[in-house]
Amino acid sequence: MKALALGGCLFIVAVVFVFSYYGPWTLPQPQETPDNSLLDPHEVALAQVDAANLYAHLHELLRIKRSVLQQLRDLEQKCSAASLEVNELVRRADEIRTDIVKLNASVIFLRTSNKYQELAQDELKRQMSPKVMPPLRLTAASGDEELILPPPSRSDACTMERCFDYGRCPLTSGFPVYVETLTLSGCADDLISKLAKAVEASTYVSSSPAHACIFVGFVCKPEDVERLRTSENWRGDGRNFLLFLGGGVILNGNGTGRAMVLGVEFEDFRRGFHVQGILNDDLPDLTLSPFLLPLMTPAHRKRLLFFDGEYRGTSTSTGASDRGSIVQNLLDLKKFGSNGDIDITFSCNETTSTLPPACRSNTWCLCGSTAALEKALVESTFSLIIWNGGMDPTGVSRVLLGLKNGAIPVVLGKPILPLSENIDWLRATIQLPRARVTELYHILHSLRDEDILAYRSQGRRLWQTYFSTPSAFVDAVLDTIRLRLNIAALPLRATPIGSFYNYTSVWRETLTAEEENVGPVELPHASDTYQRNYTSTTMDAYRSWNDRFDVKSMLPTSPFAPILPGDAQFRGSQFGFRPIGGGTGGTGVEFSVAIGGNQPREQFTVVILTYQREVALSATVARLNNLPYLNKVIIVWNSQMEPTDLFTMPKIHVPILIHKSATNSLNNRFLPFDAIETEAILSMDDDMHLRHDEIVFAFRVWRENRERIVGFPARFASWDAEHASWLYNSNYTCEYSMILTGAAFFHKVCSHCIF
């Protein structure tokens with residue numbers, strides 16, 4: 001109790017002290033004010049407290065406290081409300097600022113698009129050349145007058161100008177070929193049988209002799225020429241005829257008239273008029289898969305140089321002394337080899353092989369079977385061919401076997417090789433004068449690995465394209481004659497868009513707001529096509545035969561077409577160009593609103609492959625709305641099931657086409673659809689999320705690298721040394737060896753190459 005009383009007293013004293021010290025009232029003062037300067041201020045304040053009024057003061061203070069607390073609560077609520085209102089105003093201000101930025105960007109965007117639309121309209125009015133399409137077929141008619149050709153001065157004087165009727169082969173005729181089957185009945189020649197089947201399967205074959213440009217006849221035996229002369233298509237002198245000679249048939253010029261001849265051996269070979277053939281054994285019956293051919297690497301194989309053969313002829317034959325000297329030098333060269341890397345045999349008796357009975361005289365015959373020779377060539381870096389002079393069918397066989405098996409042909413002498421009018425054999429074979437035989441070892445060792453693989457790769461592609469099957473060789477022969485006449489090849493065929501199920505199109509706002517102006521949105525316009533029909537047979541002929549290997553078809557566009565120099569678009573060739581800043585350049589808006597580059601303006605087509613992912617597909621398509629340089633969207637529907645009833649497709653600023661695939665294949669994204677009117681194709685998966693600036697940036701890069709794939713998802717093929725095999729690496733890495741087509745640009749020609 002004492003403790004409680006003491007505590008209560010202390011509390012009262014403390015309260016009195018506080019109120020007396022801080023209170024807003026004035027306590028009664030005594031009449032006499034003592035000198036309190038020496039006292040404690042707290043004691044003085046305590047002494048001045050009126051105990052009688054203490055209770056009333058305490059209640060007053062509590063009332064004041066409650067009032068102040070209520071006012072503080074009210075002020076706090078008002079501050080909170082004011083703070084929320086300020087935040088809302090700030091948010092609305094930010095939204096307004098964002099809307100202003102978007103509206104300004106939209107204004108710039110619309111002005112830019114309108115500007116380029118006006119420019120495109122002005123260019124369309126000033127366009128001097130009409131729209132070029134695949135050439136219409138214009139062929140000879142039965143009522144046309146025959147061209148009177150001057151007679152050649154002698155039997156071997158025929159050239160294309162002297163002996164060929166160009167009047168039957170207009171530039172837009174498509175090169176129709178009529179097959180004369182008069183001599184095929186009863187023909188047992190294997191070579192003729194292969195060639196006839198290949199010719200009849202050619203795309204150039206026509207069933208109408210009246211419209212034919214050339215006529216193909218077959219000669220199994222020399223007397224077949226007389227049978228062909230009785231045909232009304234012979235027209236008295238065999239003009240525009242191409243005769244395929246069987247194995248062992250040799251004709252002279254007096255019997256063939258003005259007809260061109262394809263044969264293995266000739267008495268009067270007319271270069272630029274006749275065509276050199278190859279032996280029956282050099283034409284495989286079946287197409288060999290590229291995966292069954294020897295690998296290109298390593299560059300150096302077990303043997304450096306290989307030759308196995310025996311010369312069939314007499315010691316008095318032409319070049320006998322020269323031949324003996326070459327043999328002796330090669331035998332001496334064999335001694336310089338290390339670890340038997342030079343394998344040279346000049347007598348079939350030195351091996352278990354025997355001389356083939358079908359070997360012609362005065363030539364280096366093959367020892368043993370072709371299979372045994374190929375087995376040796378697979379292990380050899382180089383294959384030696386001693387050219388006998390003139391036309392050497394066995395030498396041609398050795399060259400082709402070397403190309404097929406990756407043994408680079410090294411030819412001693414001056415060879416005459418097939419299709420040499422267009423094929424650059426110096427890029428696939430090493431041709432040396434016979435006098436260089438003593439330096440052969442040094443020459444072969446001086447080649448770098450890069451050169452060896454370049455020779456080997458070029459040879460393999462030549463063999464696969466022109467000699468791997470009878471059809472490949474026949475097509476190459478016909479293309480050789482077509483090229484002489486400057487007739488463009490037949491245009492490539494496109495795939496029509498398949499019918500699709502009914503679906504609903506609805507307008508839907510773009511899911512991602514593109515605030516940056518990355519280019520104008522123009523009306524869809526197609527790329528120019530078939531602009532180089534004639535030059536494909538002239539200035540492009542070499543590259544078509546030796547670099548691109550696309551001589552069989554006429555491309556609507558090509559990624560390899562020459563481009564104008566940088567100053568041409570400002571000096572007379574400005575049509576269609578969109579230089580950055582009008583030519584002054586720029587890094588900001590000027591760069592964004594113009595496509596620039598050394599190519600005229602163009603657009604791209606988006607091809608989306610989808611399979612039962614309607615929601616993801618719809619979102620991906622919606623993000624393409626107002627994408628600059630977009631021409632149209634093609635959706636490849638890979639599923640064999642119909643879409644659900646809820647399936648909707650967003651409407652965007654370009655047409656959307658949906659192709660229903662007949663089969664479920666990832667390769668359907670590469671179909672050469674006829675609806676694709678642009679050179680550039682952006683292949684996308686249905687769940688790919690790309691911003692507009694990313695797509696436009698990739699498009700700019702592709703425009704400067706049109707022959708390449710330019711895209712986003714990269715992969716790396718790494719070498720596993722432990723297991724001696726390749727690994728497919730999908731991890732993130734700073735190096736890559738392939739670009740996936742889930743989000744990548746490529747040229748439309750690539751689609752034709754696949755299908």
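Remember, it's a predicted structure, so these values are computed and weren't measured experimentally.
- In this structure the side chain of L279 reaches within 4.5 angstrom of the side chain of V264, judged on heavy atoms.
- Here F241 pairs with F215, W234 under the ring-ring contact (aromatic ring centres under 6.0 Å, His included) rule; sequence neighbours left out.
- No more than 12 heavy-atom neighbours from other residues, nucleotides or ligands sit within 6.0 angstrom of CG on L666.
- Put simply, the side chain of N240 reaches to within 4.5 Å of the side chain of F164, judged on heavy atoms.
- A salt bridge links D547 with R427: at least one charged nitrogen is closer than 4.0 Å to a carboxylate oxygen.
- Between the CD atom in E310 and the OG1 atom in T363 there is a gap of 12.0 Å [rounded to 0.5 Å].
- Counting heavy atoms from C-beta outward, L478 and L242 have side chains that approach closer than 4.5 Å.
- Summarising the geometry, atom OG belonging to S383 is positioned 11.0 Å from atom CD belonging to E374; distances are rounded to the nearest 0.5 Å.
- With rounding to the nearest 0.5 Å, the separation of NZ in K221 from CD in E226 is 12.5 Å.
- Considering only heavy atoms from C-beta on, F306 comes within 4.5 Å of L373 through its side chain.
- No more than 12 heavy-atom neighbours from other residues, nucleotides or ligands sit within 6.0 angstrom of OH on Y736.
- With N422 as the partner, the side chain to side chain contact (heavy atoms under 4.5 Å, CB included) test is satisfied by one option alone out of N546, D479, V551, L483: L483.
- Minimum interatomic distance between E265 and P393 (heavy atoms only, all atoms of both residues): CG-CG, 3.7 Å.
- Remark: the backbone N or O of A472 is not paired with any side-chain donor or acceptor of D475 at under 3.5 angstrom.
- When the side chain to side chain donor-acceptor pair (under 3.5 Å) test is applied to H442, no partner is found at least two apart in sequence or on another chain.
- In this view, F746 and F670 satisfy the ring-ring contact (aromatic ring centres under 6.0 Å, His included) rule, not counting sequence neighbours.
- Using modelled atom types, no side-chain atom of R270 and backbone atom of M260 make a donor-acceptor pair closer than 3.5 Å.
- Smallest separation of non-hydrogen atoms from A198 and V474: CB-CG2, 3.5 Å.
- N705 contributes no side-chain N or O that, together with a main-chain N or O of R708, makes up a donor-acceptor pair within less than 3.5 Å.
- Listed here is the closest heavy atom pair of A717 and M738: CB-CE, 4.1 Å.
- Judged as a side chain to side chain contact (heavy atoms under 4.5 Å, CB included), and not counting sequence neighbours, the contacts of T429 are V399, P409, W425, Q431.
- Looking at R484, its side chain does come within 3.5 Å of a backbone N or O of F273 through a donor-acceptor pair.
- Contact of the L485 side chain with the C213 side chain is registered, since non-hydrogen atoms from C-beta on lie closer than 4.5 Å.
- Between A428 and I408, the closest heavy-atom pair is O-CG2, 4.0 Å.
- Here the side chain of H723 pairs no donor or acceptor atom with the backbone of S725 at under 3.5 angstrom.
- Contact between L419 and A476 at its shortest, heavy atoms only, is CD1-CB, 3.6 Å.
- Heavy-atom contacts from other residues, nucleotides or ligands closer than 6.0 Å to NZ of K552 number 12 or fewer.
- Under the 3.5 Å distance criterion, the side-chain polar atoms of S380 are matched with a main-chain donor or acceptor of A376.
- Between the side chain of R398 and the main chain of F307, no donor-acceptor pair closer than 3.5 Å is present.
- Scanning both residues, H274 and A259, for their nearest heavy atoms gives CE1-O, 3.6 Å.
- F549 is linked by a side chain to side chain contact (heavy atoms under 4.5 Å, CB included) to Q458, R461, L462, T465, Y466, counting only residues two or more places apart in sequence or in another chain.
- Side chain of E180 to backbone of L228: no donor-acceptor contact under 3.5 angstrom is found.
- Judged by distance alone, the side chain of K334 and the main-chain N or O of I344 form a donor-acceptor pair under 3.5 Å.
- Between R434 and I386, some side-chain heavy-atom pair lies under the 4.5 Å cut-off.
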Inset, instruction - Evaluate the criterion side-chain contact (heavy atoms from CB on, under 4.5 Å) for residue pair L330 and L440; output intermediate values, then yes/no. - result: CA-CA 9 Å; L330 289 173; L440 181 59; 4.2 Å; yes
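- Every residue meeting the ring-ring contact (aromatic ring centres under 6.0 Å, His included) condition with F269, not counting sequence neighbours, appears here in chain and number order: F266.
- Side-chain contact between Y441 and I342 is present, with heavy atoms from C-beta onward closer than 4.5 Å.
- Counting heavy atoms from C-beta on, the side chains of N533 and M554 come closer than 4.5 Å.
- Without hydrogens or angle criteria, R456 side chain to A407 main chain gives no donor-acceptor distance under 3.5 Å.
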